[in-house]
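Below: one structure, written as C-alpha cells.
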Amino acid sequence: MNTPTPISTGSIPEILSHIDAGVMTITLNRLDKKNSITSAMYGALADALESANHDTAVRAVVIQGHETIFSAGNDIADFLNKPPATMDSPVFRFLRGISSFPKPLVASVCGPAVGIGTTLLLHCDLVYAGDNAAFSMPFVNLGLCPEAASSFLVPQLMGYPRAAEALLLGEPFMAETALEIGLINRIVPPTEANALAQRQAQKLVAKPLSALMETKRLMKKGNATLVAERMAEEGASFGRMLGEPAAKEAFTAFIEKRRPDFSAV
Ligand code: COA
C-alpha cells in the first residue's frame with residue numbers, strides 16, 4: 001500500500017500544517033520567540049481550522065508545539081504595535097474557530113503554555129502533556145483580562161479558589177495539577193507527547209465522524225452560547241485594556257527586559 005504523502009497546507013512558516021491519514025497536524029513553529037503568536041499566525045491558524053472543517057479528508061486535528069515549548073502566548077510586540085482592532089481581527093477569528101470547531105481536536109503540550117497557550121486547550125477535546133508542561137494565564141500581570149472564555153471555563157473547570165490563583169495571581173501550575181483538575185488527559189515524557197497525540201487522533205479517525213461530531217456537539221451544547229457570549233464580552237474589554245496605561249507599561253517593560261512599574265496605574 002502507498003503511504004500518503006503529507007500535503008503542506010500551511011501558508012506561513014511559523015504555522016506548519018499537513019494532512020496525513022485523516023489527521024491535520026498544525027504545528028506552532030516560531031521557536032526563536034518561544035512560539036509566541038503574531039497576528040499573521042492567528043490568521044494562519046484560523047485558516048487551517050476553517051480548511052480542516054470543510055475538508056472531508058480531515059477527520060481529526062492535532063495542535064502541537066515543540067518538546068521544549070508549547071507557546072509563550074500572544075506576541076507582546078504585536079500587542080503594543082498591532083493590537084486587534086475589531087472582532088474580525090485574526091485572534092478573534094481564531095478563537096471563534098477553535099471554540100466552535102465541530103470535529104475532534106487533540107493537543108500535545110510540552111514546556112510553557114502561557115496565556116492563549118493555555119486557554120486554547122479549554123477548547124480541545126483531548127490534551128496530552130509532557131511532564132515539563134507549565135500552564136499559566138498571567139493576563140492580570142499584563143494589565144489585561146482573560147480571553148477565550150477562560151473567565152467562564154476556568155472557574156467551571158477548577159472551581160473558583162483555584163481559578164482565582166490562576167487568573168488573579170497569574171500563578172503557573174504544572175502538569176500534575178492540570179491532570180488533577182481535568183485540563184489534560186495524560187502526562188508522558190516530552191519526547192512522547194506528539195506521538196501519543198497522533199495515536200489518539202488515529203483512533204478517532206477510525207470511528208464514524210458523524211457520531212463523533214454529534215457527540216461533541218451534544219457535550220458542548222450546555223456551554224456553547226455562554227462561551228460565545230463571554231468571548232465577545234472579554235474581547236471588548238481586552239481590546240479596550242490593550243490601549244490603557246497598565247498594559248502599555250507591562251508590554252514596554254517586557255520589551256525593555258525590566259520589571260513593570262504599576263505604581264502609577
Ligand atoms: N512575545 C514576544 N516575544 C516573546 C514572547 C512573547 N510573548 N515570549 C518570549 N519572547 C521572546 C523573548 O523576547 C526572547 O526574544 P530575544 O531572544 O529576541 O530577546 C525570546 O522569545 C526568548 O524568550 P526568553 O524569555 O529569553 O525565554 P525563556 O526560556 O527564558 O522564557 C517564557 C520562556 C515563555 C517563560 C518567557 O519568554 C515568557 O514569560 N514570555 C512572555 C509570556 C507572556 O507574558 N505572554 C503573554 C501572555 S498573554
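All figures in this text were calculated on a predicted structure; none of them were measured in a lab. Read the numbers this way: they start at 1 and go in the same order the structure lists the ligands and their atoms.
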_Check this for me, if you would: do K82 and D75 make a salt bridge, where the nitrogen-to-carboxylate-oxygen distance has to be below 4.0 angstrom?_
no
*Do you see a protein non-hydrogen atom under 4.0 Å from atom 45 (N) of ligand 1?*
yes
*Has K257 got any heavy atom lying under 4.0 angstrom from an atom of ligand 1?*
yes
_Shortest non-hydrogen separation from C124 to I98 and the atoms involved_ = SG-CD1, 4.5 Å
*Sub-4.0 Å protein heavy atom next to atom 2 (C) of ligand 1*: yes
*When you measure from atom 15 (O) of ligand 1 to every protein heavy atom, which one gives the shortest distance, and what is it?*
K33 NZ, 3.3 Å
*Residue, atom name and distance, where the atom is the protein heavy atom closest to atom 48 (S) of ligand 1*: L142 CD1, 3.5 Å
*Are N141 and ligand 1 in contact, using a heavy-atom cut-off of under 4.0 Å?*
no
*For ligand 1, which atoms sit closer than 4.0 Å to a heavy atom of V114?*
42 (C), 43 (C), 45 (N), 47 (C)
_Using a 4.0 Å cutoff against the non-hydrogen atoms of D32, which atoms of ligand 1 qualify?_
20 (C), 21 (O)
*Please step through side chain to side chain contact (heavy atoms under 4.5 Å, CB included) for the pair R162 and E180, ending with a clear verdict.*
CA-CA 12 Å; R162 278 182 160 176; E180 187 197 325; 3.0 Å; yes
*Charged N to carboxylate O under 4.0 angstrom, D55 versus K103?*
no
*Ignoring hydrogens and angles, tell me if any N or O in the side chain of N74 forms a donor-acceptor pair with the backbone of I76 under 3.5 Å.*
no
*Is I116 touching ligand 1 with its side chain, its backbone, both, or neither, if touching means heavy atoms under 4.0 Å apart?*
neither
*Verify atom 35 (C) of ligand 1: protein non-hydrogen atom under 4.0 angstrom away*: no
*Heavy-atom check, side chain of I116 versus side chain of V91, under 4.5 Å*: yes
*Of all the non-hydrogen atoms in the protein, which one sits nearest to atom 37 (O) of ligand 1, and at what distance?*
K34 CG, 4.3 Å
*asked:* Run F238 and F79 through ring pair (Phe, Tyr, Trp, His ring centres under 6.0 Å) and show every step you take.
replied: CA-CA 11 Å; F238 198 95; F79 263 160; 5.7 Å; yes
_Between Y42 and L95, is the side chain to side chain contact (heavy atoms under 4.5 Å, CB included) condition met? List the steps._
CA-CA 9 Å; Y42 285 120; L95 287 177; over 6 Å; no
_Below the 3.5 angstrom mark, is there an N/O of A72, backbone or side chain, next to an N/O of ligand 1?_
yes
*In the protein, which heavy atom is nearest to atom 7 (N) of ligand 1, and how far is it?*
N74 O, 3.0 Å
*So which protein heavy atom does atom 6 (C) of ligand 1 come closest to, and at what separation?*
S36 CB, 3.4 Å
*To the nearest 0.5 Å, what is the distance between CD (E171) and OG1 (T177)?*
11.0 Å
*Under 4.0 angstrom from atom 19 (O) of ligand 1, is there any protein heavy atom?*
yes
*Answer yes if the side chains of E147 and T119 hold a donor-acceptor pair under 3.5 Å, and no otherwise.*
yes
*For ligand 1, find out whether one of its N or O atoms is nearer than 3.5 Å to an N or O atom of I76.*
yes
*Starting from atom 38 (C) of ligand 1, which protein heavy atom do you reach first, and at what distance in Å?*
F254 CE1, 4.4 Å
*Is the shortest side-chain N to carboxylate O distance from E244 to R240 below 4.0 Å?*
yes
*asked:* I'd like to check atom 11 (C) of ligand 1 in this structure: does the protein have a heavy atom lying under 4.0 Å from it?
replied: yes
